[in-house]
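As the structure is a prediction and not an experimental result, all values here were calculated from the model. Labels below follow one simple rule: chain letters A, B, ... track the order of the sequence lines, proteins then strands, and each chain is numbered from 1.
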Amino acid sequence: MTRYGKWASKDFLNFSVRYRCTVDESSEVVRQRREKAKALADQGVELYPNDFKVSHSVEDVRKHIGKKDTAADDSTFFAMAGRIVGLRSFGRAAFLHFKDYTGQLQAYVKKDEVGEDAYELFKQVDIGDFIGIKGTIFQTKTGEWTLLAKGICLLCKAVRPLPEKFHGLRDPEKRYRQRYLDLIMNPGVRDIFINRARIIRAFRDYLLEQGFLEVETPMMQPIPGGAEATPFKTFHNALGMELFLRIAPELYLKRLVIGGVDRVFEINRNFRNEGVSSRHNPEFTMLEFYAAYATYDDLMNFTEEMFRFVTQRVFGATHFTYQGMNIDLDGPWRRLTLKEALSDLGGIDSSLFNDRKRLLDFAESKGIHITKKGRRGKILTKLFDVLVEPKLTEPTFITGYPVEISPLARRSSSDPDMTERFELFIGGYEIANGFSELNDPIDQKKRFLDQAKNREEGDEEAHYMDEDYLLALEYGMPPTAGEGIGVDRFVMLLTDAPSIREVILFPLLKNISY
RNA sequence: GGGCCGUUAACUCAGUCGGUAGAGUAUCUGCCUUUUAAGCAGAGAGUCGCGCGUUCGAGCCGCGCACGGCCCA
């Protein structure tokens, strides 16, 4: 058996078994629909034509209706297209609802209007098919504006039925795997992704307005840097080169600051080889930006302003509720040091902070198992994650992060063990992380060496040594502050989504299982 | 990684004590030219996630696996 033989045959087996179960030749509904499609084709009907010209969208028609003098006998002619989402047939006439991107409209198809032949064909279309309809609008008895079909044609035959009209598609697994069905059946889903796009656009507009340049830096990096996280590995065949999907764009953006781009940002995907949960997807969207001559303190103020701008622009208010929590973005936001938060909100006696052993005992007593042996900073942040983070519902900046867990941040001028760094929490989620940048190449080298030691001691998330970045730093980086914002989580907050999967169109799921 | 829950018709869900597999929607047939969760009459539709076990007999009980959800780590 070849090296791949076992896997190949196993995968093939899995695939074929599942294929048989899922692509249901046995499903009566699908079989019937295929037969209908074939019957239509046999009658000379083209099942997938592309020559229908649309003159108006549903939204166009709504606007037309909204005009003051649209009369019941309006004679404007519309050529419209969409997917049939409801159908009520009466033998020689039928009402249907069809949907395009802009909305949904009722149409009335009468044998008298479209002719006998066309009506015979129409009787063979199903919910889920795309159709083109030409006609005029009128109001029904109940006052609903309706397209009276003068002509109708099939634009695309669907051979699988849509989910049930009343309950829609509920099964979360199917919703994510077949997001197209989710989008067709559950209107709120579309709104989330429309709002997501608006939020990202508002961030972009704000930063552009402030003189930032938008860039794209490598997704595939020879040395993954800019965060403490486990990367995905890949390989470039022609170059014979190991590469990593980026865990952050940080070191490249800072190279650009060195290159004279004083204000720079990127909105793009990061990849972290970690567990999946309601707040973690292995690929997620990060907004990262850097401003020369700014400090972490400036960025906190900047972040408040930017968040208020985005929220106001997209939702018309700066307060909202997230999962029942009232969250108000009006400033100024609370600022606490890590230690203050741990003692005031976490209930940890401050005398424990410098005693690693007692900290570990305390963690154990709270049922918090610390897997990362070693560094005190890691223990503190772990305790913070469990005891404090969930309590930070109102926007809160946490500052005072120790150097050992902030290898890229500038030391605090007043306390060399601390960094000029903050993290932002809203709704119990970590939303942003920013700091004054470390631009002393000698200190940076020392920090990398410390990290390398941690890596040798088994910390897979420790930062890699990056000589090329040190080289860049030696050419001089101006005093700079930078920040990363977790876009998905911010979208979660603003769309009241309980899981990150609700704001990512195609969240990562394990292989096939329909 | 651990715990709990789920997986039954295309979809949403019932399924009692272990004893022939159910409903609504969708589909099919018939009637119906202003309905809108259209209506009326009838019909078809299932590898009960997968495997093994217990049992005369398993959708149901036990074990294992897969996928998903929630919580914890």
Salt-bridged, A/E228 to A/K378, with N to O below 4.0 Å? yes
For the P atoms, the ones on B/A41 and on B/G24, what distance do you get once it is rounded to whole angstrom? 11 Å
Taking the minimum atom-to-atom distance to the side chain of A/F95, which one of B/U33, B/C70, B/U34 wins? B/U34
Closest to side chain of A/E164, choosing from B/A26, B/A45, B/C11: B/C11
Find the distance A/Y108:OH to B/A38:C1' and express it as a whole number of Å. 13 Å
Could you tell me the separation between the CD1 atom of A/I184 and the C1' atom of B/C11, rounded to a whole number of Å? 13 Å
Would you say the side-chain atoms of A/R501 and A/N281 include a donor-acceptor pair closer than 3.5 Å? no
Give one of base, sugar-phosphate or nothing for A/L509, where a contact means two heavy atoms less than 4.0 Å apart. sugar-phosphate
Within the structure, does a side-chain N or O atom of A/K165 lie under 4.0 Å from either OP1 or OP2 of B/U27? no
Would you say A/E483 and A/N433 are linked by a side-chain donor-acceptor pair, where the criterion is simply a distance under 3.5 Å? no
For A/R175, report the nucleic acid contact type (base, sugar-phosphate, nothing); a contact means any heavy atom under 4.0 Å. nothing
Any donor-acceptor N or O pair under 3.5 Å, side chains A/R196, A/T285: yes
Taking the C1' atom of each, how far is B/C40 from B/C32, in whole Å? 9 Å
Nearest-angstrom distance, C1' atom, B/C60 to B/A43: 30 Å
Pairs: protein N or O with nucleotides 2-9 of chain B N or O, under 3.5 Å:
none

Taking the same atom, P, in B/G19 and in B/A26, what whole-Å distance lies between them? 32 Å
Hey, which sits more toward the 5' end of RNA chain B by its nearest nucleotide, A/I127 or A/K141? A/I127
Centres of the A/Y464 and A/F244 rings: under 6.0 Å? yes
Does A/R279 make a side-chain N or O approach to OP1 or OP2 of B/C71 shorter than 4.0 Å? no
Considering Watson-Crick and G-U wobble pairs with both distances under 3.5 Å, what does B/G44 pair with? none
Quick one: A/L508 CG to B/C67 C1', roughly how many Å, whole number? 13 Å
Hey, are A/D450 and A/K453 close enough for a salt bridge, meaning a charged N less than 4.0 Å from a carboxylate O? no
Please confirm whether the shortest side-chain N or O distance from A/R170 to OP1 or OP2 of B/C11 is below 4.0 Å. no
Would you call A/K123 and A/E120 a salt bridge, using N to O less than 4.0 angstrom? yes
Between the side chains of A/Q43 and A/Q124, does any donor sit under 3.5 Å from an acceptor? yes
Any donor-acceptor pair under 3.5 Å linking the side-chain atoms of A/D74 with those of A/H64? yes
Considering Watson-Crick and G-U wobble pairs with both distances under 3.5 Å, what does B/G39 pair with? B/C31
Between B/A37, B/G44, B/C71, which nucleotide has the shortest distance from any of its atoms to the side chain of A/S278? B/C71
Picking from B/U35, B/U27, B/C11, which would you name as closest to the side chain of A/F90? B/U35
Checking base pairs now: Watson-Crick or wobble, both atom distances under 3.5 Å. What partners B/C4? B/G69
Take atom CG of A/D126 and atom C1' of B/C11, then tell me their distance rounded to the nearest Å. 15 Å
So what does A/Y176 touch, heavy atoms closer than 4.0 Å: a base, only the sugar-phosphate, or nothing? sugar-phosphate
Using a cut-off of 4.0 Å on non-hydrogen atoms, how would the nucleic acid contact of A/K36 be classed: base, sugar-phosphate, or nothing? sugar-phosphate
Given the C1' atoms of B/A45 and B/C63, what is the spacing between them in whole Å? 34 Å
Watson-Crick or G-U wobble partner of B/C60, both distances under 3.5 Å: none
Across all strands shown, which nucleotide pairs with B/C17 by Watson-Crick or G-U wobble geometry, both distances under 3.5 Å? none
A/I137 CD1 to B/U34 P, straight-line distance once rounded to whole Å: 20 Å
A/T146 has a side chain; which of B/U35, B/A26, B/C67 sits nearest to it? B/U35
Between B/A23 and B/A9, how far apart are the C1' atoms? Round to whole Å, please. 11 Å
Could you check whether A/F130 and A/F98 have their ring centres less than 6.0 Å apart? no
Ranking B/G44, B/G69, B/U35 by distance to the side chain of A/Q106, first place goes to B/U35
What I want to find out is whether A/K157 reaches A/D126 closely enough, with some N-O distance under 4.0 Å, to be called a salt bridge. yes
Partner of B/G24 by Watson-Crick or G-U wobble geometry, both contacts under 3.5 Å, or none? B/C11
Over how many whole Å does the gap from A/E274 atom CD to B/A73 atom P extend? 17 Å
B/G46 and B/C56, which share atom name C1', separated by this distance in whole Å: 25 Å
NA contact type, A/G168, heavy-atom cut-off 4.0 Å: base, sugar-phosphate, or nothing? sugar-phosphate
Atom CG of A/D182 to atom C1' of B/U12: distance rounded to whole Å? 15 Å
Quick check for you: among B/U12, B/C32, B/C70, whose closest atom lies nearest to any side-chain atom of A/L169? B/U12
Is any side-chain N or O of A/R88 closer than 4.0 Å to OP1 or OP2 of B/C32? no
Rounded to whole Å, the OH-P distance (A/Y180 to B/C11) equals 11 Å
Under 4.0 Å, heavy atoms only, any strand: does A/D112 hit a base, just the sugar-phosphate, or nothing? base
Please check if any side-chain donor atom of A/T102 sits under 3.5 Å from a side-chain acceptor atom of A/E59, or the reverse. no
Whole-Å P distance, B/G1 and B/U54: 31 Å
Residue closer to the 5' end of RNA chain B, A/S499 versus A/G91 (nearest nucleotide): A/G91
Nearest to the side chain of A/D171 - B/A38, B/U34, B/U12? B/U12
Select one nucleotide: of B/C70, B/U33, B/U34, the one nearest the side-chain heavy atoms of A/K111. B/U33
Considering just the side-chain nitrogens and oxygens of A/R31, establish if one lies under 4.0 Å of OP1 or OP2 belonging to B/A10. no
